[in-house]
There are 2 protein chains.
Amino acid sequence: MGITTRSLYGLRLVVYLMKKGGSATVKEVAENEGVPYRYMERIVQDMRKAEILSSRRGRGGGITLVNPEKITLKKIIQALDGKLVDLPCFPEDSSDCSRLIDCDARKIWLKLIEGIEDFCGSININNIIRRKYG
Amino acid sequence: MGITTRSLYGLRLVVYLMKKGGSATVKEVAENEGVPYRYMERIVQDMRKAEILSSRRGRGGGITLVNPEKITLKKIIQALDGKLVDLPCFPEDSSDCSRLIDCDARKIWLKLIEGIEDFCGSININNIIRRKYG
DNA sequence: TATAATTATACTAATTTGGTATGATTAAAA
DNA sequence: TTTTAATCATACCAAATTAGTATAATTATA
């Protein structure tokens, strides 16, 4: 289970903006966080689509966190990697994998996924940065 | 965070052997679990090195779980994928990533990893199969 | 009108994953 | 003692994913 650089950089972006307590340009964040600018641009776009942040175009524009106090690790990873955990045994599509019905192995994986989703959903970035918890 | 087919098949192997309650040949397991034989052979080798199972060569040989009651999801994934969760920000090597000292983002990732490791370590396959818990 | 920003999309390179292939080794049975 | 049935050790390859670049369009301000 690998953490991608997309999520890695996405979290850095969120932390950066929270600490700054306002807006910034993508360029500023990329430079300060050591992330390739073009790459960061694309990460920002996905986060905007997921409504983690909003943006303003044109000179003087930039990005702002939408609801800082509600951003969890789960949201960031889902926005950038699509799924939090990807189980490659052909889930909802059914048709494939004849073993699916009453597959004990699969039940164990689903248990794992549920646990990870709950846990990631409970990791509130703002609370951690503000030292409210943990 | 993707689950690999190696871990997927490794867990199937463990469940198969537990239900059978004894030994089997790699070929038997591969056929019954719908896994390519040569691939399963390599998975078995890594699990043997991790002492999840033992093997006997030659005609009449096969594989057996070593301590079925102690096998967790953590052990299986670590044996087959190396790390449970891989954080690509150059950890123990230090030298790389000048941001490392007091990096809040990294602390959050380490918190996640710790949580996942604890959780996976608590998922005991035998207990689940025997319906002792869960 | 120039400039500084985001947006959209296409492309490419590197790495990882998933799987094959080949041959050696071991041990039991014929 | 030879055949057969099993694991063991490596090397190889192809497909998919990930990481990152490139280009041009759009938007808004100065």
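Below, chains carry the letters A, B, ... as their sequence lines are ordered, and counting in each starts from 1.
- Applying the side-chain contact (heavy atoms from CB on, under 4.5 Å) rule to B:Tyr16 yields the partners B:Lys20, B:Ala24, B:Glu28, B:Val29, B:Asn32, B:Glu33; only residues at least two apart in sequence or on another chain are considered.
- Contact annotation for B:Tyr9: backbone-only contact, meaning every heavy-atom pair under 4.0 Å involves sugar-phosphate atoms and none involves a base.
- Considering only side-chain N and O atoms, A:Thr5 lies nowhere under 4.0 angstrom from the phosphate OP1 or OP2 of D:dT18.
- Distance, B:Asp86 CG to D:dA19 C1': 14 Å, rounded to whole Å.
- Running 5' to 3' along DNA chain C, contacts with non-hydrogen atoms of chain B at under 4.0 Å begin and end at C:dG18 to C:dA29.
- In this entry the distance linking CZ of B:Arg59 with C1' of D:dA5 reads 6 Å, nearest Å.
- One atom, CD of B:Glu28, and another, P of D:dA5, lie 16 Å apart when rounded to the nearest Å.
- For DNA chain D, the neighbouring residues in residues 45-56 of chain A, judged by any heavy atom under 4.0 Å, are A:Arg56.
- Sorted by first and then second residue, the salt bridge (charged side-chain N to carboxylate O under 4.0 Å, His left out) pairs involving residues 48-70 of chain A (not counting sequence neighbours) form an empty list.
- Evaluation of the side chain to side chain donor-acceptor pair (under 3.5 Å) rule for A:Thr72 yields no partner, not counting sequence neighbours.
- A straight line from CE of A:Met40 to C1' of D:dT21 spans 16 Å, rounded to a whole angstrom.
- A salt bridge between B:Asp104 and A:Lys19 is present, with a side-chain N of the basic residue lying under 4.0 Å from a carboxylate O of the acidic one.
- Residues passing the salt bridge (charged side-chain N to carboxylate O under 4.0 Å, His left out) test with B:Glu41, sequence neighbours excluded: B:Arg38.
- In this structure, the side chain to side chain donor-acceptor pair (under 3.5 Å) partners of A:Ser23, at least two apart in sequence or on a different chain, are A:Thr64.
- Nearer the 5' end of DNA chain D, as judged by each residue's closest nucleotide, is the contact made by A:Ile3, out of A:Ile3 and A:Arg57.
- In terms of the side-chain contact (heavy atoms from CB on, under 4.5 Å) criterion, residue partners of A:Glu117 (sequence neighbours excluded) are, by chain and number, A:Lys74, A:Gln78, A:Leu84, A:Ile113.
- Connection of A:Met47 to A:Val66 is not established within any shared hydrophobic cluster, with ILVMFWY side chains joined at heavy-atom distances below 4.5 Å, either directly or through further cluster members.
- Remark: B:Asp81 pairs with B:Thr4, B:Arg6, B:Ser7, B:Ile77 by the side-chain contact (heavy atoms from CB on, under 4.5 Å) rule, at least two apart or across chains.
- A straight line from NZ of B:Lys27 to P of D:dT4 spans 14 Å, rounded to a whole angstrom.
- A:Leu80 has its CG atom 11 Å from the P atom of D:dA19, to the nearest Å.
- With the nearest nucleotide of DNA chain D identified for both B:Ile63 and A:Gly58, B:Ile63 has the one nearer the 5' end.
- Remark: P of D:dT7 and OH of B:Tyr39 are 18 Å apart, rounded to the nearest angstrom.
- Distance CE (A:Met1) to C1' (D:dT18): 18 Å, rounded to an integer number of Å.
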